[in-house]
2 protein chains.
Amino acid sequence: MPGRRELNKEDKRRRIRDAAWSLFREHGFDATTTRAIAERAEIGVGTLFLYAPDKDALLFSLFRDELGDIVTKRFARVPERALLDQLLYVIRGFYERYAEDPALARRFVPLILRLEGDALASYAALNADFFARVGALVEAAKTRGEVRADVDGAVLGVNVLAIYAYFVLGWLLGPAPRVKDGLASLKPALASLLDGVRPVKAGVSAREGRRK
Amino acid sequence: MPGRRELNKEDKRRRIRDAAWSLFREHGFDATTTRAIAERAEIGVGTLFLYAPDKDALLFSLFRDELGDIVTKRFARVPERALLDQLLYVIRGFYERYAEDPALARRFVPLILRLEGDALASYAALNADFFARVGALVEAAKTRGEVRADVDGAVLGVNVLAIYAYFVLGWLLGPAPRVKDGLASLKPALASLLDGVRPVKAGVSAREGRRK
DNA sequence: GCTCAAATATGAGCGCAGTCGGTTTTCCAG
DNA sequence: CTGGAAAACCGACTGCGCTCATATTTGAGC
């Protein structure tokens with residue numbers, strides 16, 4: 001049962017998030033001062049740093065929360081189609097979000113490589129959730145006969161994320177990333193990964209089977 | 001013919017490099033102030049920023065130069081053995097260097113994702129040089145019959161770097177990276193990549209051929 | 001050797017992120 | 001309702017990265 005204290009904190013958290021997103025969008029990450037964020041959120045500077053250990057961590061948590069929401073929402077509405085299409089449906093959510101704020105996204109991604117302690121743990125949890133959900137899709141695909149029964153869903157999840165990460169990185173670092181282009185280059189790579197786990201029909205290799 | 005002006009600049013560059021490495025090693029990147037670097041290099045703070053656009057760029061250029069040297073030196077002494085061993089000989093140079101300063105290396109790697117302008121160009125040049133040298137090794141391996149004649153050496157170079165990057169990243173982000181562990185996990189991945197380009201002997205697949 | 005413009009060097013100063021000792025708000029036991 | 005402890009908040013302050021107006025050094029032309 002949340003008391004006044006917890007409600008106030010929740011409200012401040014919301015105001016900080018809104019203030020930070022709007023200012024980062026208006027002026028960019030570097031040109032936005034922590035004072036300006038505090039002012040728009042109607043709190044003192046000192047208070048801001050009670051809610052985020054530093055400015056980088058603030059940006060990181062903004063994106064991490066949204067990516068978490070995207071995972072939840074997209075997996076809840078996964079289309080009843082082939083595994084590849086299901087994966088692309090989820091991943092499209094990431095691409096669309098990044099494309100909304102490409103400059104901020106470019107600032108966000110390198111932060112992942114510098115995570116430590118709690119922030120690392122929270123990101124790892126997000127990743128683990130993603131793996132598990134991909135694993136569930138893979139299991140369902142097995143019952144449909146799209147994937148060999150002996151494939152480990154969790155391992156496949158890791159591979160999917162690795163390939164996604166590699167492509168989204170190249171896409172983000174390039175000039176003016178467009179969702180369409182990003183998905184177009186990712187799709188064949190994922191398709192090739194999934195080809196490797198398709199059940200092999202007698203006398204026909206997985207790759208040839210797909211071409212039919 | 002270098003005049004006094006050029007000699008002075010070269011000397012300052014050297015002093016800055018030495019001062020920065022020693023201080024970064026002693027106190028870490030964040031705890032080292034630009035004032036301290038300038039003082040140990042016996043120059044003014046303002047002068048330091050004539051030689052590096054900012055503190056991050058300074059760390060970046062230190063590592064980039066050393067990695068460039070490693071590429072040159074290691075490729076000059078590549079052993080006359082199988083392609084995989086040659087690649088691992090070169091890459092071991094990177095692992096050993098990173099292992100010397102793991103904390104600084106962790107700070108360095110994310111900087112690569114934020115490169116722009118001249119710094120990006122200089123890093124791209126380093127990469128291109130690496131690809132070309134790997135390409136030369138691949139060509140030599142072709143004449144020895146280790147690699148199929150139709151394989152594009154440059155493309156293989158890109159793949160080698162991609163796999164290396166993936167593994168070195170995971171290794172660096174883990175606790176207390178040891179050279180032995182890093183190479184042990186990288187080796188099978190590279191071996192698998194090279195298996196894919198081995199000449200196929202009649203009636204024996206590349207992978208089975210390797211197992212003999 | 002002297003002159004002077006261009007190149008190079010300098011450190012006081014500025015704006016920022018982040019801290020910390022003091023203040024206010026919240027909660028609950030009595 | 002009240003006392004007081006704990007939690008939350010605050011903004012003046014600190015120390016840092018980086019700038020820029022000024023000073024110094026260099027070397028070509030004479």
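This one's a predicted model, so the numbers in the text were calculated from it and none came from an experiment.
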Counting any heavy atom closer than 4.0 Å, what does A:T33 reach on the DNA or RNA strands: base, sugar-phosphate only, or nothing?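 It contacts sugar-phosphate atoms only.
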
For B:I43, answer base if it contacts any base atom (sugar-phosphate contacts may also be present), sugar-phosphate if it contacts only those atoms, and nothing otherwise; contact means non-hydrogen atoms under 4.0 Å.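 If one applies the 4.0 Å heavy-atom cut-off, B:I43 turns out to touch the sugar-phosphate alone, with no base involved.
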
Atom-to-atom span, [atom1] of [X] to [atom2] of [N] - whole angstrom:
{"X": "A:E6", "N": "D:dA7", "atom1": "CD", "atom2": "P", "result": "12 Å"}
{"X": "B:D56", "N": "D:dC18", "atom1": "CG", "atom2": "P", "result": "7 Å"}
{"X": "B:D11", "N": "D:dT26", "atom1": "CG", "atom2": "P", "result": "12 Å"}
{"X": "A:R13", "N": "D:dA8", "atom1": "CZ", "atom2": "C1'", "result": "12 Å"}
{"X": "A:L7", "N": "D:dA7", "atom1": "CG", "atom2": "C1'", "result": "15 Å"}
{"X": "A:L50", "N": "D:dA8", "atom1": "CG", "atom2": "C1'", "result": "7 Å"}
{"X": "B:L23", "N": "D:dC16", "atom1": "CG", "atom2": "P", "result": "13 Å"}
{"X": "A:D30", "N": "D:dG17", "atom1": "CG", "atom2": "P", "result": "16 Å"}

Between A:T47 and A:F29, which residue's closest nucleotide on DNA chain C lies nearer the 5′ terminus?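 Its nucleotide being nearer the 5' end, the pick is A:F29.
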
Regarding B:K12 and the six-membered ring of B:Y51, is the cationic atom NZ or CZ under 6.0 Å from the ring centre and inside 45° of its axis?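 Not satisfied by the 6.0 Å and 45° rule.
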
Flag this pair as yes if the NZ/CZ of A:R97 is under 6.0 angstrom from the six-membered ring centre of A:W21 and inside a 45 degree cone about the axis; otherwise no.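 Yes, A:R97 and A:W21 form such a contact.
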
Choosing from [options], which nucleotide comes nearest the side chain of [X]?
{"X": "B:K9", "options": "D:dA8, C:dT8, D:dT19", "value": "C:dT8"}
{"X": "A:K12", "options": "C:dG18, C:dA9, D:dC9", "value": "D:dC9"}
{"X": "A:K55", "options": "C:dG18, C:dG11, D:dC10", "value": "C:dG18"}
{"X": "A:Y51", "options": "C:dT26, D:dC9, D:dC18", "value": "D:dC9"}
{"X": "B:D54", "options": "C:dA17, D:dC18, C:dA6", "value": "D:dC18"}
{"X": "A:R4", "options": "C:dT19, C:dT26, D:dC9", "value": "C:dT26"}
{"X": "A:R5", "options": "D:dG17, C:dC27, C:dG11", "value": "C:dC27"}

Ring-plane angle category for B:F63 and B:F108, please: parallel below 30°, perpendicular beyond 60°, tilted otherwise.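 Judged by the thresholds at 30° and 60°, the geometry between B:F63 and B:F108 is parallel.
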
Could you check whether the rings of A:W171 and A:Y98 sit parallel, tilted or perpendicular, using 30° and 60° as the cut-offs?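 Rings of A:W171 and A:Y98: tilted, as their planes differ by 30° to 60°.
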
Centroid-centroid distance, B:Y166 to A:Y166, less than 6.0 Å: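 Not under 6.0 Å, so no.
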
Compare side-chain N and O positions of B:N8 against OP1 and OP2 of D:dT26 and report whether any pair is under 4.0 Å apart.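 Checking D:dT26 against B:N8, a side-chain N or O does come within under 4.0 Å of OP1 or OP2.
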
Please figure out whether B:G46 or A:G44 has its closest DNA chain D nucleotide nearer the 5' end.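 Nearest nucleotide further toward 5': that of A:G44.
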
